[in-house]
2 protein chains.
Amino acid sequence: MPDETDRIEQSLPGAGGTKTEMRRDPTTKEWVIIARDRAKRPHEFVQKHDRPSLPDYSPTCPFCPGNESMTPPEFLSYQDQGTGRWQVRVFANKYPALSPVGSTAHHTEDGFFWVMDGVGAHEVIVETPLHNERLARMDLRDIERVLRAYRERYNALRTVAFVRAIVIFKNHGPSAGTSLAHSHSQLIATPVIPRTMRLRHAVAAEYYDKTGRCLYPDLREHECRAGRRIILETERFVVFHPFASKRPFETWIMPKTQDASFGTVPDEDLMPLAGVLQKTLQWLDHGLNNPDYNYIVYSAPVGEEDTTYFLWHLQIIPRLSAMAGFELGSGLYINPAMPEDTAQFIRDLSEK
Amino acid sequence: MPDETDRIEQSLPGAGGTKTEMRRDPTTKEWVIIARDRAKRPHEFVQKHDRPSLPDYSPTCPFCPGNESMTPPEFLSYQDQGTGRWQVRVFANKYPALSPVGSTAHHTEDGFFWVMDGVGAHEVIVETPLHNERLARMDLRDIERVLRAYRERYNALRTVAFVRAIVIFKNHGPSAGTSLAHSHSQLIATPVIPRTMRLRHAVAAEYYDKTGRCLYPDLREHECRAGRRIILETERFVVFHPFASKRPFETWIMPKTQDASFGTVPDEDLMPLAGVLQKTLQWLDHGLNNPDYNYIVYSAPVGEEDTTYFLWHLQIIPRLSAMAGFELGSGLYINPAMPEDTAQFIRDLSEK
């Protein structure tokens, strides 16, 4: 996965420098470097290798039906009304990053280095009983069940005393950080507010103080007015490649309601959300040949879900290029593709 | 590259949860989740595959001697006194992320989305004329030349009007973001202060205001006093796996002087720095079988190099695991290895 800092490889004698521009993400005030003049065309990101095909059941997979004893006890499962078999299962990660034991007190041995127990929760949401299924190909009804499980676990955990933030996320494919083929999401509840959530929250609060309005609906409206980065708009949701996309094909799904956290998504929004998520993942799947991706559901910090200055949303990050030293070191991203171009590429697909 | 959020794969019926702790990085105040109880032993990070071997010259490589016309004109080259041939060459990246044209004025089309030209500089530092050489195997004298080139280009760029920050970095291997085998570093000069530099700077300034001391020498002293994470201490440098390492084998090289930027590293420190960098890279190379890595040289923002509250340092980040959705979304890292254990692993190597 070459990084854009290394494009000199493709140099030709006499070629001029690529023009770039810097765009500021309104939600974090971070600048992003974006290649202009179509430095890299959207079709160049199509994945060249197909994934190995899988059976619909694996005897060694802890997420397959019949192997439930290989996982910790389940917190939740949703059955199919007809067959009585589970369709979605949620349980603790056997090797959790955080677990609900210990103390949230910070302490230091030498007055300098601060440490606390890894208190929190880390859960796995198995999205389907089928070993070889994936979200992009699942039925609306099945995707809706997964989203409902997110909401139920969010609301179960938000009342736990030590929980300050809840991050719901998905790793699809090896370069997105998963080694498990069986389709699943995860949820981590943290005892501190993680850095990027704190930053987003602070920027939104500042915007509210200055304007009396919520930043996110304003952003959504400005994206809709510009239009060129929108890939889908429905009665309840807008899907777009944001103005200051950090990476090619970065995609945000934003509701038209005013819910600060995923815990308060109304019932009547779950099926429409399943619809836009399904379409968005299908387009990525078809357009880029099933790329690795992550998605993250952003909510306000726990206890601030009533705030009027945040809006939950879902970000999809296809993993099409490596993060290199400059980005690791500076936090300043280089995006080799214009979101206007990648959005057009997706719109062209969606019209076929 | 499995991510630690997915360790459930290795679950066994009846196994208990892995204990973790959270540690706070004193330089950013970010928390990191670190596996306790030796969840993953250092030797598990040894790379299983050898790299393909390369010739010492490639006719299509723009970095090889004889192919100089394939690159933009050079800013700098250092010759070997004996042969008169270049040993280090610096020139503009042919496809620069930023280039010294345009305006630093911010503007907005619609009063909401801010944009500016991609003004700055992006240079390539070719470290050796040999196509198949790498830093970890180079002579002290050759490494010192590379460091001298860093300093010379840093000082040339710091006087340019639009430059606010200078990041020197290296991408080694595909998962570190390079597609070019020929050993090289890069330098990017930015017209804004990138987020992570701004954060580091703010935390250091706050520490100075509170204590009257520079954070970094205090950190270095506390690391030396703890001792367990130190892998090398010389008269002029300390090398350690920091208390709140974000990733396995993350390694910091910190000087004992008080220079805020790489531009003011004194002559007499260059050869000793070459020595500790060589040793550190050799241990990683031998111990982990030539892993992909990035390194980044952190300096104070341009114009603040006289500050007494920052200290330049070099961070090496081996790329041993993928960054997954949780880390992308939250900025909260999960480190599957204790820095005390990885430092011990390196010390054991160094004593052989």
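By convention in this document, chain letters (A, B, ...) are assigned in the order of the sequence lines, proteins followed by strands, and residues within each chain are numbered from 1.
Note: B:Trp312 and B:Phe262 have perpendicular aromatic rings, judged against thresholds of 30 and 60 degrees for the angle between ring planes. Under the 30°/60° scheme for interplanar angles, the aromatic rings of B:His182 and B:Phe63 are found to stand perpendicular.
When side chains are defined from C-beta on, A:Pro242 does not count as touching A:Thr27, because their heavy atoms never get closer than 4.5 Å. Side-chain contact between A:Gln186 and A:Lys170: absent, with no pair of heavy atoms (C-beta onward) separated by less than 4.5 Å. Between B:His122 and A:Phe326, the closest side-chain pair of non-hydrogen atoms is not below 4.5 Å. Inter-residue side-chain proximity for A:Leu98 and A:Ile188 is flagged as met; some heavy-atom pair is nearer than 4.5 Å.
Neither the backbone nor the side chain of A:Thr108 comes within contact range of chain B; no heavy atoms are under 4.5 Å apart. Both the backbone and the side chain of A:Leu215 come within contact range of chain B, judged by heavy atoms closer than 4.5 Å. Within the 4.5 angstrom heavy-atom criterion, only side-chain atoms of A:Ile33, from C-beta onward, approach chain B.
Taking chain A as the reference chain and counting heavy-atom pairs below 4.5 Å, the highest number among B:Val167, B:Ile168, B:Ile317 is found for B:Val167. No other option in B:Tyr298, B:Phe112, B:Trp114, B:Tyr295 has as many heavy-atom pairs under 4.5 Å with chain A as B:Phe112. Looking only at heavy-atom pairs under 4.5 Å with chain B, the residue among A:Ile34, A:Thr196, A:Val297, A:Asp25 that has the most is A:Thr196. Annotation: maximal heavy-atom pairing with chain B below 4.5 Å, among A:Lys29, A:Met116, A:Arg198, occurs at A:Met116. Counting heavy-atom pairs closer than 4.5 Å to chain B, the top residue among A:Gly102, A:Pro194, A:Gly120, A:Ser330 is A:Ser330. Contact count against chain A (heavy-atom pairs under 4.5 Å) is highest for B:Arg195 among B:Glu21, B:Arg195, B:His172. Taking B:Leu328, B:Val101, B:Leu332, B:Thr28 one by one and counting their heavy-atom pairs under 4.5 Å with chain A, the maximum is reached by B:Leu328. Of the residues considered (B:Val32, B:Val119, B:Ile193, B:Asp117), B:Asp117 shows the highest number of contacts with chain A, using heavy-atom pairs under 4.5 Å. Note: A:Val115 leads A:Leu199, A:Val115, A:Asp110, A:Thr190 in heavy-atom pairs under 4.5 Å with chain B.
With no hydrogens or angles considered, no side-chain donor-acceptor pair links B:Asn171 and B:Tyr293 at under 3.5 Å. Residues B:Ser99 and A:Lys19 bring no donor and acceptor atom of their side chains to less than 3.5 Å of each other. B:Asp292 and B:Ser175 share a side-chain donor-acceptor pair at under 3.5 Å. Under 3.5 Å, the side chains of B:Ser245 and B:Asn335 contain no donor-acceptor pair of N or O atoms.
The side-chain hydrogen bond (donor to acceptor under 3.5 Å, both in side chains) test with B:Tyr333 is passed by exactly one of B:Lys246, B:Glu30, B:Glu250, B:Arg247: B:Arg247.
Near-neighbour residues of residues 219-227 of chain B relative to chain A, defined by a heavy atom under 4.5 Å from a heavy atom of that chain, comprise B:Leu219, B:His222, B:Glu223.
Note on B:Glu340 versus B:Arg23: salt bridge recorded, some NZ/NE/NH1/NH2 to OD/OE distance being below 4.0 Å.
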